[in-house]
Amino acid sequence: MDLGVVLDRLQSEGNLRTLPQAGHEGKFVLQSGRKMLNLSSNDYLGIASDKLFISEFLEGLVRDGAVFTSSSSRLLTGNSGEAVLLESELARWTGKEDALVFSSGYHMNVEILPAISDSTTLILADKLVHASLIDGIRLSQAKCIRYRHQDLGQLERLVAGNVSRYTTIIIVTESIFSMDGDVTDIAALADIRKRYPGTVLYVDEAHAVGVRGDGGAGVAREQNCTDDVDFLCGTFGKAMASIGAFVSCSRVAKNFLVNRMRPLIYTTALPPVNIKWTRRVLSEIPYMDERRRYLAHISGKVRNALEAIGRKCPSGSNIIPVMAGDSFTAVSLASSMQDAGYYLLAIRPPTVPEGTARLRISLTASVSDVEVDDLISRL
Ligand SMILES: *Cc1c(COP(=O)(O)O)cnc(C)c1O
C-alpha cells in the first residue's frame, strides 16, 4: 500500500484528518491565538472544567496519597479495592445486580460482544451504532444484520424471522446516538425482547449516563426499563469527566465476562487514582439535577431555533447536528463558525454516512443562557 497516495486521495476528497492542537481554559478552546466557546466537548455537566471540585479532590490525594498504576491485570494483582467499590456503586446506581469496569468505552464494546456470542448468535445492530460496536461485532463469530436507523418495525421482522434459527439474538443499540443526538425508544425494544425469548438487549448509554434519567443513571432509567436491558453500558469519558467504562448486568453475566473476555484477562487494570476520581464524580452525579435540567432547557432552545429556520433536527438531546451535506460545505461552515468564536467541528464520512456531513453542536451545562442566544442568532 502506498501510504502517501492514500493521504493525497483523502486530501482531495476533503476527508484528510489531522490531530488538532488546542489549549483549554474552562469552557473555552484556545487555538492559533483565538479564544472560542467550546461547543464540541463531551463534558456535558461541566465537571471537567469545575476547578473547585477538582482541587478538593487533589487536596485529598495529597493528604492520603495516590496509586498511579495497577501494575497488573485484575486477575493477577491489579484488582484494587477502588475497582471493587466502584463496581458495587455502579450496580446500585443503575439498579442492576452487578457491574464490571473497563479501560475505555471502545474496549468495552470490542470486549463484550465477541465474548457473549458465537457462530449460533445473530446480532441485530442499528445502522448508526458507534465504530466501537461495529468493531466488536467484526471481532465476533456472530452473524450480523444492521437494521435501518431506529426502524423498530424492520427490527421486529428480523427478530421474528430469525429467532428459531439462532440460539441467541443480540439487539445492539445506543440510547442517545453520538452524531444525531436522537433518543432510542428502549421501552419498545424491551417489549420486543419480552415477546421473543432468546433475545438479549445490549444498550450503549455513552452519551446518556450522568445526563438523563433519575440520578443521571441514563435513558433506560428514564424509560423505566432497566430490568429489560441485559447489558447496560456506560462510559466515564463524557459527562463523568474521567476515563473508563462499565457494563451493568446480572452476576452470572459478569462472572462469564471475567472468564471469557481476553482483553480483561490480558491487560493492565485502570490506575486506582483514576477509579478514585470516577467514584468521587459518581458520588456527586445523583445530586446534579440542576445541571441536568439546565442542559435540557438550553438544548431545547437550540433545537427549536433550528426547526424554526426549517432545519430538520432529529435530536432529542444536547447533541444537535446541523446538516451540511458534503464534506467541503461542512468544513467551510465549521471554519466560519470558528471565526465567529464558536469551536465547532465538521463531522465527515466515514464517521457519518456519505452526503450527511454536518456540524455537531454538543452543548454542556457550562454554556450560559446568553451564549446560547448568541449562538442561535449566529445560526
Ligand atoms: C464515545 C463512545 C464510546 C467510546 O468510549 P471511550 O471511553 O471514549 O472509548 C463508545 N460508545 C459510544 C456510543 C460512544 O459515543
Side-chain angles (χ1 to χ4, degrees), residues 19 40-45 47-48 83 86 90 94 99-115 123 125-140 146 149-150 170-184 186 189 201-213 216-220 229 231-249 261 263-264 267-271 274-275 277-278 281-282 285 314-321 345 347 350-353 358 360-364:
L19 298 171
S40 299
S41 170
N42 295 325
D43 180 26
Y44 301 137
L45 296 174
I47 297 173
L86 175 59
L90 287 164
T94 51
L100 185 61
V101 166
F102 297 80
S103 301
S104 78
Y106 185 92
H107 282 87
M108 167 181 75
N109 288 326
V110 300
E111 291 182 33
I112 301 176
L113 288 167
I123 295 178
D126 186 285
K127 187 78 188 164
L128 295 189
V129 293
H130 190 262
S132 56
L133 290 161
I134 294 169
D135 292 355
I137 294 167
R138 282 191 186 147
L139 287 168
S140 77
R146 313 268 298 276
H149 181 51
Q150 302 288 26
I170 307 174
I171 299 173
V172 173
T173 192
E174 295 174 25
S175 63
I176 293 179
F177 277 81
S178 354
M179 294 301 145
D180 286 24
D182 55 330
V183 181
T184 300
I186 302 178
L189 294 173
L201 192 49
Y202 185 108
V203 180
D204 184 338
E205 297 235 44
H207 295 280
V209 290
V211 182
R212 304 291 288 241
V219 173
V229 180
F231 295 89
L232 200 167
C233 302
T235 67
F236 303 139
K238 290 170 176 138
M240 294 181 68
S242 185
I243 177 81
F246 70 95
V247 61
S248 288
C249 56
M261 281 190 319
L264 177 104
T267 201
T268 302
L270 278 177
N274 294 94
I275 301 184
W277 167 245
T278 305
V281 172
L282 181 58
I285 286 240
S315 168
S317 69
N318 58 307
I319 298 170
I320 305 167
L345 298 170
I347 309 287
T351 305
V352 291
R358 66 196 67 184
R360 176 178 179 272
I361 302 175
S362 166
L363 290 174
T364 73

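Numbering of ligands and ligand atoms starts at 1, following listing order. Just so it is clear, the structure is predicted and the values come from calculations on it, not from any experiment.
With V172 as the fixed residue, the side-chain contact (heavy atoms from CB on, under 4.5 Å) test singles out one of D126, L113, L201: L113.
In this structure, D180 pairs ionically with R358, as a charged nitrogen and a carboxylate oxygen lie closer than 4.0 Å.
Side-chain contact, N318 with H207: no donor N or O sits under 3.5 Å from an acceptor N or O. In this structure, a donor-acceptor pair under 3.5 Å is present between the side chains of Q150 and T184. Using modelled atom types, one finds a donor on one side chain and an acceptor on the other under 3.5 Å when comparing N42 with Y44.
Two rings, from H149 and F177, have their centers less than 6.0 Å apart.
Ordered by chain and residue number, the residues placing a heavy atom less than 4.0 Å from ligand 1 are S104, G105, Y106, N109, H130, S132, E174, S178, D204, A206, H207, T235, K238.
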